[in-house]
Amino acid sequence: MSDLAISATGLRKSYPAAKGDGTGDKIVLDGVDLAVPDGTIFSLLGPNGAGKTTTVQILSTLLKPDAGDVRVAGFDLARQADDVRGAIGVTGQYSAVDKLLTGEENLLLMADLKHLPRRDGRRRAAELLERFDLVDAARKPASTYSGGMQRRLDLAMTLVGDPRVIFLDEPTTGLDPRSRRAMWGIVRELVAAGVTIFLTTQYLEEADQLAGRVALLDHGRLIAEGTPEELKRLIPGGHIELTFASAHLLDAARDAVGAGVPDPEALTLQVPSDGSVRAVRELLARLDERSVDVAEMSVHTPDLDDVFLTLTGRPAAVPAPAPADQKQETSR
Amino acid sequence: MSTLSLAARDSSTMIRRQLKRLVRYPSMTIQLIVTPVILLLLFVYVFGGTLGDGIGGGRHAYVNYVVPGILLMAAATAATGTAVMVATDMTEGIIARFRTMRISRASVLTGHVVGSIVQQLLGAAVLVGIALAIGFRPNASVVEWLAATGLFALFALAITWLAVALGLKSPNPESASNAPMPLIILPFLGSGFVPTDSMPTVLRWFAEYQPFTPIMETLRGLLLGSEIGDSGPIAVAWCAGIAALSYLWAKRIFNRA
């Protein structure tokens, strides 16, 4: 018994180029290696079009890779796809509920397809409706559910057969902050119960909050991997951002501090700092000595956004400049 | 459990899913039942007098003549609905979910097919009921009724698997609604509405050899006692062949996607 829930080496996938395009095949995954220990949360982080959804589709048997060895839940993906399917649960980016059926019927459908005995299926459905706060809506068609409710039903359906490995492809995209926090709570409970979670997200905060290990995917390649703490250590520390009322004050401040990156348009000065109270106090004292008034101040401790920016030279919020990628991700 | 009993179990689950969906979304079924009834009334009361004179016996004879053709047209109309439903289903995330589960792959399609056949038998019953009310006078024995029902069900099976394949092949529900259109026209280009010997040579040749004609001739013979000749076995062979090929085609497209 291996102690890795998911392992992949040399995962490759490309799509044939559009006709007359002349650019050759579109490479979506370019040699990705993954190792996810049992009972942990692993997050694949990257902008739109990085190849996250393709990775999930391959690991969940929806798509065949062009190359690479993959094992999921101890089974070989190429030779034992059906055993893999028996061990996993998938909640994709797009709602995978039957909208004409009620919430309860959707759960019972899953129970039947997981071949649970009728009575166990009913009990499990009732349990999940309770746990995901869907009891009141249980007998209403899923088409009447709000986005957050559909997402909860979706995840509840994934849990019916007690999968050992769960894939969540951007589980909180499009959810309001409250639903997002609720989803995070559920994910934490699942892992506490021993399930392995493979999560993709474009939200750095989400990976930071949930994942034991994070891998950064960019243009089909892993550009960094580690715990959130390890990744944050990859970048130079944080900074303090000072805003001034005039260009004159900005210049004066720069002279006083003797360091930092000024932005004459925004009238801000970024001063490298560890963000400690002592450092802030010293900085402000020095400006005070020269009577330089600070209009605003913010302390910026490093987060995964900085990691991304440092490693790719682009902020993570900006999609990779490859519209074709995005198309691949949204097509089924 | 063996693979076969698992497949049977998954298929019955999917059939229940599809029947529930049909009940939840009745407007489609109602439309599929009402359209052929309107066609029947149109053909009997608007065209029936003149066409009936042509075949000898007037409107009264024409009711008897036209029922088998309308029945096949009703089945073909329902098949269009199936193609749209399948194409719509494929755009939903739930199908991706089914694909990541350890279930029999064809069971989703089987659900659609059985649901559609139930729809078509229901439609056929309503159609025959209304036809009887306006003067349809079959002289079939119980065995002949059963044989006619059996042939209709076999035809429904064939045309539905074909519609499922066409639905899977369509890039979106809109084009899925166009793909089976020729099937609705075929009863006209056969013995459905007028005898083929009244047609010009080329058309008559097509009309006599296309699959719908032997099926309509067999239904007519079973229900009304007209000459069946060798139409029976030819009809069954066409249905079985189309059903088998379409099933394999549909399964292949579904597995590849």
Over 12 non-hydrogen atoms of neighbours within 6.0 angstrom of [atom1] in [X]:
X        : atom1 : result
A:Phe132 : CZ    : yes
B:Lys251 : NZ    : no
A:Arg139 : CZ    : no

Does a side-chain heavy-atom distance below 4.5 Å link [X] with [Y]?
X       : Y        : answer
B:Arg99 : A:Thr61  : no
A:Arg85 : B:Ile103 : no
A:Asp83 : B:Arg102 : yes
B:Lys20 : A:Leu100 : no
B:Met14 : A:Leu113 : yes

Chain B contact via [X] - which portion, at a heavy-atom distance below 4.5 Å:
X        : value
A:Lys64  : neither
A:Val90  : both
A:Thr102 : both
A:Ser95  : backbone

Gap between atom CE of A:Met110 and atom CZ of B:Phe98 - 0.5 Å precision: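 These two atoms lie 5.0 Å from each other.
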
Can you pull out every ring pair (Phe, Tyr, Trp, His ring centres under 6.0 Å) where at least one residue sits in residues 101-130 of chain B? Sequence neighbours excluded, please.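 Counting only pairs at least two positions apart or across chains, no ring pair (Phe, Tyr, Trp, His ring centres under 6.0 Å) contact touches residues 101-130 of chain B.
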
If we define contacts as heavy-atom pairs under 4.5 Å, which of A:Asp154, A:Asp98, A:Thr158 has the most with chain B?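 Most heavy-atom pairs within the cutoff with chain B belong to A:Asp98.
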
Most chain B-contacting option - heavy-atom pairs closer than 4.5 Å, from A:Ala96, A:Gly161, A:Pro163: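 Option with the greatest count: A:Ala96.
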
Flag the one option from B:Val23, B:Thr13, B:Asp89, B:Thr100 with the top tally of heavy-atom pairs under 4.5 Å to chain A.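 Highest number of pairs under 4.5 Å: B:Thr100.
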
When heavy-atom pairs shorter than 4.5 Å are enumerated against chain A, which of B:Arg24, B:Arg97, B:Met101 gives the highest number?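 So the answer, after comparing B:Arg24, B:Arg97, B:Met101, is B:Arg97.
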
Chi angles and distances behind the side-chain contact (heavy atoms from CB on, under 4.5 Å) call for B:Arg16, A:Asp112: CA-CA 11 Å; B:Arg16 263 180 287 133; A:Asp112 285 341; 3.1 Å; yes

Nearest heavy-atom pair of A:Val97 and B:Glu92: which atoms, and what distance?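 Between these two residues, the closest heavy atoms are O-OE1, 4.5 Å.
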
Locate the shortest heavy-atom distance separating B:Asp10 from A:His115; write the atom from each residue and the value.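 For B:Asp10 versus A:His115, the nearest heavy atoms are OD1-NE2, 2.7 Å.
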
Donor-acceptor contacts, no H, no angles, side chain residues 147-160 of chain B, under 3.5 Å, sequence neighbours left out:
residue: B:Thr149; atom: OG1; partner: B:Trp145; partner atom: O; Å: 2.8
residue: B:Thr160; atom: OG1; partner: B:Gln120; partner atom: NE2; Å: 2.9
residue: B:Thr160; atom: OG1; partner: B:Ala156; partner atom: O; Å: 2.5

